[in-house]
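Here's the structure, in structure tokens; my notes come after.
Index from 1, following the sequence.
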Amino acid sequence: MDETDKFLKKFILTKGWMDKDDMDNHFDDADEEDERRDEEMEEYEEKYNFRFEEPGGQELMTYPRENPETLRQADSKRKEKRKEKEERLKEQKKQEEEEIKRLKAIHRE
């Protein structure tokens with residue numbers, strides 16, 4: 001390598017186009033940013049690790065199964081259908097019994 005190549009290599013490796021004072025300030029800013037980020041991570045880890053030690057942290061939130069304050073209407077369609085079917089079957093059975101009584105009465109005559 002000749003002198004110019006050596007100079008260019010050294011210039012690029014040492015970033016000779018940048019001021020030395022400017023680089024020190026840049027690293028100081030990065031250090032402050034890293035410290036701030038480390039503090040944030042530590043706060044998060046502390047909150048996460050001690051979440052059960054907070055008041056109410058070990059209790060599960062529960063809610064009532066039926067809330068009377070809601071606008072939801074009670075759905076009783078199936079119940080109504082069952083009652084209708086039961087009444088219909090009773091009516092059919094009653095009619096069949098009456099029919100049998102009538103046929104027996106006719107047969108006796």
Side-chain angles (χ1 to χ4, degrees):
M1 288 173 89
D2 63 349
E3 291 290 324
T4 57
D5 290 337
K6 287 181 183 179
F7 171 78
L8 287 175
K9 184 176 178 181
K10 182 180 176 187
F11 184 77
I12 291 174
L13 290 176
T14 59
K15 297 182 182 179
W17 64 89
M18 300 178 94
D19 292 335
K20 299 293 182 187
D21 296 334
D22 192 30
M23 287 185 62
D24 290 338
N25 290 338
H26 177 69
F27 289 126
D28 290 339
D29 292 342
D31 289 339
E32 290 173 8
E33 186 177 325
D34 287 343
E35 288 175 11
R36 185 182 50 79
R37 189 176 302 129
D38 287 343
E39 288 174 8
E40 289 176 2
M41 288 190 311
E42 286 177 13
E43 287 177 19
Y44 174 77
E45 287 177 6
E46 186 175 327
K47 282 183 182 178
Y48 183 79
N49 291 335
F50 296 108
R51 67 186 181 276
F52 295 117
E53 295 180 14
E54 294 176 357
Q58 292 185 355
E59 298 174 12
L60 292 176
M61 294 298 297
T62 58
Y63 300 96
R65 175 170 261 191
E66 295 179 7
N67 191 352
E69 297 176 5
T70 62
L71 298 176
R72 186 175 182 177
Q73 297 176 353
D75 187 20
S76 61
K77 290 181 181 180
R78 290 183 178 184
K79 186 177 181 180
E80 292 171 5
K81 292 282 187 182
R82 282 194 304 268
K83 279 190 174 183
E84 288 175 8
K85 184 178 179 182
E86 187 178 322
E87 290 173 6
R88 190 178 52 223
L89 290 175
K90 283 182 180 180
E91 186 66 31
Q92 283 180 347
K93 191 172 184 180
K94 190 176 183 180
Q95 286 178 358
E96 288 174 2
E97 288 175 0
E98 288 176 2
E99 183 69 23
I100 290 173
K101 284 181 184 179
R102 189 181 63 81
L103 290 175
K104 283 185 180 180
I106 293 175
H107 185 64
R108 286 186 201 152
E109 295 178 358

From NZ (Lys6) to CG (Leu8), nearest 0.5 Å: 13.0 Å

Stepwise side-chain contact (heavy atoms from CB on, under 4.5 Å) check, Lys104 with Lys101: CA-CA 5 Å; Lys104 283 185 180 180; Lys101 284 181 184 179; 5.7 Å; no

Rounded to the nearest 0.5 angstrom, the CD-CG distance for Glu45 and Asp38 is 9.5 Å

Does atom CD of Glu40 have more than 12 heavy-atom neighbours from other groups under 6.0 Å away? yes

Pairwise distance CG(Leu13) to NZ(Lys9) - rounded to 0.5 angstrom: 6.5 Å

Quick test of your reading of the model: are Glu33 and Arg37 salt-bridged, counting only N-O distances below 4.0 Å? yes

Using side-chain hydrogen bond (donor to acceptor under 3.5 Å, both in side chains) as the criterion, list what pairs up with Ser76, not counting sequence neighbours. Glu80

Evaluate the criterion salt bridge (charged side-chain N to carboxylate O under 4.0 Å, His left out) for residue pair Glu99 and Arg102; output intermediate values, then yes/no. CA-CA 5 Å; Glu99 183 69 23; Arg102 189 181 63 81; 2.5 Å; yes

Solution key, residues 85-98 side-chain donor-acceptor pairs under 3.5 Å, sequence neighbours excluded:
none

To the nearest 0.5 Å, what is the distance between CG (Asp34) and CE (Met41)? 9.0 Å

